[in-house]
**Student:** 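Take a look at this one; I'll ask things after.
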Amino acid sequence: MTYHAKSDFMRIMLERGFVADCTDYQALDQALVDGVVPAYIGFDATAKSLHVGNMIQIMMLRWLQKTGHKPIVLMGGGTTKVGDPSFRADERPLLDDAAINANIAGIKAVFSSFVSFGDGPTDAVMVNNAEWLDDLNYLGFLRDIGRHFSVNRMLAFESVKSRLDREQSLSFLEFNYMILQAYDFLELNRRYGCLLQMGGSDQWGNIVNGIDLTRRVLDNQIFGLTTPLLETSDGKKMGKSQDGAVWLNADMRSPYEFWQFWRNTTDADVGRFLKLYTELPVDECERLGALEGSEINAAKIRLANEVTTLAHSADAAKAAEATAREVFEKGGVGDDLPTLTLSKDDIGEGISIVQLFVRSGLAKSGKDAKRLFKENGAKLNDQPLTDTGQMITEADISSPLKLSAGKKRHALVTMA
């Protein structure tokens with residue numbers, strides 16, 4: 001739709017491509033003009049880091065704070081014990097309290113790079129829904145909250161309907177998830193005056209449930225805003241790379257590998273990604289995205305530097321670019337490449353070159369590594385490898401070895 005926003009936040013969301021749908025554009029826009037709007041996004045603690053696929057939501061919270069409003073980062077310490085069934089073919093593995101708490105600690109580190117936490121009116125807060133979900137009285141919850149939900153309506157939501165249409169099992173545990181998420185919105189409105197929930201468009205049904213429940217129980221008006229579910233122009237899910245998820249924590253994905261993910265953006269996605277994942281002016285994003293031929297590579301480097309600076313630091317972005325230049329333009333060994341450090345015990349009488357590709361993360365398995373050799377994609381110190389039985393000795397690693405998988409993925413092997 002065409003809507004001319006009055007508030008800075010809504011204007012930025014619309015012009016940069018963040019918005020898929022909104023429950024009430026005009027009323028939300030007016031609330032954003034009238035005062036500080038607390039808004040939340042929920043993140044279930046299913047891993048020790050968020051990944052690039054979560055960055056669109058993280059950037060929304062960042063823009064929210066930059067335009068004078070209050071971000072609420074809701075950690076799903078409670079809902080992670082159930083698992084969100086939205087558009088999944090099967091049930092998520094259930095985690096225990098220790099694993100969930102460890103994941104939350106890892107995720108906290110991500111947000112400090114994007115928003116400022118504190119006690120001020122626009123400072124971000126991190127909240128764990130286990131605070132109100134862990135000790136719910138089941139019968140009281142059914143009587144006070146469950147009575148507001150129509151099973152007929154819940155079955156009609158696309159996220160549930162698609163699962164049932166494929167005759168895939170949906171457990172009663174998972175079916176409760178949308179009730180718990182709706183209850184989160186109610187509690188955040190009651191405790192923090194939260195007026196807005198944001199999330200991906202797959203969360204639309206859950207968000208609408210929360211709005212309806214809060215209206216019924218508290219008679220308060222609140223809002224929902226969703227983002228498009230992002231895919232790259234070649235149809236791949238955003239946040240996935242050839243070797244798995246692109247994590248935001250440096251200990252799970254090095255800043256260099258993170259930088260390289262953005263540097264490898266498809267030409268057609270550059271302008272869109274600059275708008276969503278950087279703070280460059282929109283007209284500059286469009287100018288860079290319109291470049292063609294070899295010039296688009298400069299725009300990709302700008303994208304990689306801007307996003308890596310946000311997620312890690314300006315120094316990390318600078319080091320990653322320097323390493324990429326050394327590796328790709330000069331054929332050298334960059335200082336910032338992912339590194340596998342081996343001990344004498346690791347090497348023993350020798351270690352196979354296939355194992356080095358697996359242990360360095362350049363191949364998922366021995367079979368994957370052998371396929372790489374067969375397709376002429378494996379190199380050692382920039383020389384093609386063909387012998388999967390080749391053994392590497394301690395003497396071979398007297399100076400760092402550079403492994404390459406294709407043209408864009410590299411790693412170093414060194415001795416401890």
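Heads up: numbering here begins at 1 and tracks the sequence.
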**Student:** Between atom OG1 of Thr79 and atom CZ of Phe43, what is the distance when rounded to the nearest 0.5 Å?
**Tutor:** 12.0 Å

**Student:** Judged by modelled atom types alone, do Gln203 and Gln197 share a side-chain donor-acceptor pair under 3.5 Å?
**Tutor:** no

**Student:** Any salt bridge between Asp269 and Arg272, counting N to O under 4.0 Å?
**Tutor:** yes

**Student:** Does one side chain, of Trp132 or Asp184, offer a donor that lies under 3.5 Å from an acceptor on the other?
**Tutor:** yes

**Student:** Looking only at heavy atoms, what is the nearest atom pair of Thr46 and Asn103, with distance?
**Tutor:** C-ND2, 3.5 Å

**Student:** Side chains of Thr214 and Asn220: is there a donor and an acceptor less than 3.5 Å apart?
**Tutor:** no

**Student:** Nearest heavy-atom pair of Met13 and Val19: which atoms, and what distance?
**Tutor:** CB-CG2, 3.6 Å

**Student:** Checking Thr23 now: which residues fulfil side-chain contact (heavy atoms from CB on, under 4.5 Å) with it, not counting sequence neighbours?
**Tutor:** Trp204, Ile211, Phe223

**Student:** Is the side chain of Arg11 donor-acceptor paired with the backbone N or O of Ala5 at a distance under 3.5 Å, no angle test?
**Tutor:** no

**Student:** Between Thr226 (side chain) and Asp21 (backbone), is there a donor-acceptor pair under 3.5 Å?
**Tutor:** yes

**Student:** CD1 of Ile392 to CG of Leu403: how many Å apart, nearest 0.5 Å?
**Tutor:** 8.0 Å

**Student:** Applying side-chain contact (heavy atoms from CB on, under 4.5 Å) to Val33 and Gln30, what does each step give before you reach the verdict?
**Tutor:** CA-CA 5 Å; Val33 170; Gln30 189 60 52; 4.2 Å; yes

**Student:** Step by step, work out the side-chain contact (heavy atoms from CB on, under 4.5 Å) result for Thr309 and Glu306.
**Tutor:** CA-CA 5 Å; Thr309 295; Glu306 292 286 334; 5.9 Å; no

**Student:** Can you tell me if Gln65 uses its side chain to pair, donor with acceptor, with the backbone of Ser116 under 3.5 Å?
**Tutor:** yes

**Student:** Rounded at 0.5 Å granularity, tell me how far CE in Met59 sits from CZ in Arg16.
**Tutor:** 7.0 Å

**Student:** Is it the case that over 12 heavy atoms from other parts of the model lie below 6.0 angstrom from the NZ atom of Lys6?
**Tutor:** yes

**Student:** Has Thr80 got a side-chain atom pairing as donor or acceptor with Ala45's backbone, closer than 3.5 angstrom?
**Tutor:** yes

**Student:** Please give me the minimum heavy-atom distance between Phe149 and Ile145, naming the atom from each residue.
**Tutor:** CD1-O, 3.4 Å

**Student:** CZ/Phe185 to CD1/Ile222 distance, rounded to the nearest 0.5 angstrom?
**Tutor:** 3.5 Å

**Student:** Would you call Lys81 and Asp97 a salt bridge, taking side-chain N to carboxylate O under 4.0 Å as the test?
**Tutor:** yes

**Student:** So, taking the atom named CZ in Phe357 and the one named OG in Ser404, what distance separates them when rounded to the nearest 0.5 Å?
**Tutor:** 7.0 Å

**Student:** With a 4.0 Å cut-off, would you call Arg216 and Asp212 a salt bridge?
**Tutor:** yes

**Student:** Can you confirm whether or not the ring centre of Tyr183 sits under 6.0 Å from the ring centre of Phe141?
**Tutor:** yes

**Student:** Atom CE of Met252 and atom CD of Glu257: how far apart are they, to the nearest 0.5 Å?
**Tutor:** 12.0 Å

**Student:** Side chains of Thr227 and Gln57: do they bring a donor and an acceptor to under 3.5 Å?
**Tutor:** yes

**Student:** Look only at the side chain of Arg409 and the backbone of Leu362, and say whether a donor-acceptor pair between them is shorter than 3.5 Å.
**Tutor:** yes

**Student:** With distance as the sole test, does Asn128 use its side chain to make a donor-acceptor pair with the main-chain N or O of Gly77 at under 3.5 Å?
**Tutor:** yes

**Student:** Take a 6.0 Å sphere around CD of Gln26 and say whether it holds more than 12 heavy atoms from other residues, nucleotides or ligands.
**Tutor:** no

**Student:** Search all heavy atoms of Ala299 against all heavy atoms of Val270 and return the closest pair with its distance.
**Tutor:** CB-CG1, 3.9 Å

**Student:** Do we see a donor-acceptor contact under 3.5 Å between the side chains of Ser365 and Asp368?
**Tutor:** no

**Student:** Shortest non-hydrogen contact from Asp346 to Thr341?
**Tutor:** OD2-O, 4.4 Å

**Student:** Checking side chain to side chain contact (heavy atoms under 4.5 Å, CB included) between Leu248 and each of Leu310, Ile58, Ile107, which is the one that passes?
**Tutor:** Ile58

**Student:** Closer than 3.5 angstrom, by distance alone: can the side chain of Arg253 be matched with the main-chain N or O of Ala245 as a donor-acceptor pair?
**Tutor:** yes

**Student:** Check this for me: Glu375, atom CD, are more than 12 non-hydrogen atoms of other residues, nucleotides or ligands nearer than 6.0 Å?
**Tutor:** yes

**Student:** Provide the closest heavy-atom pair for Pro228 versus Ala20 in the form atom of the first, atom of the second, distance.
**Tutor:** N-CB, 3.5 Å

**Student:** Ignoring hydrogens and geometry beyond distance, is a side-chain donor-acceptor pair present between Asn305 and Glu321 at under 3.5 Å?
**Tutor:** yes

**Student:** Asp123 side chain to Phe117 main-chain N or O, any donor-acceptor pair under 3.5 Å?
**Tutor:** no

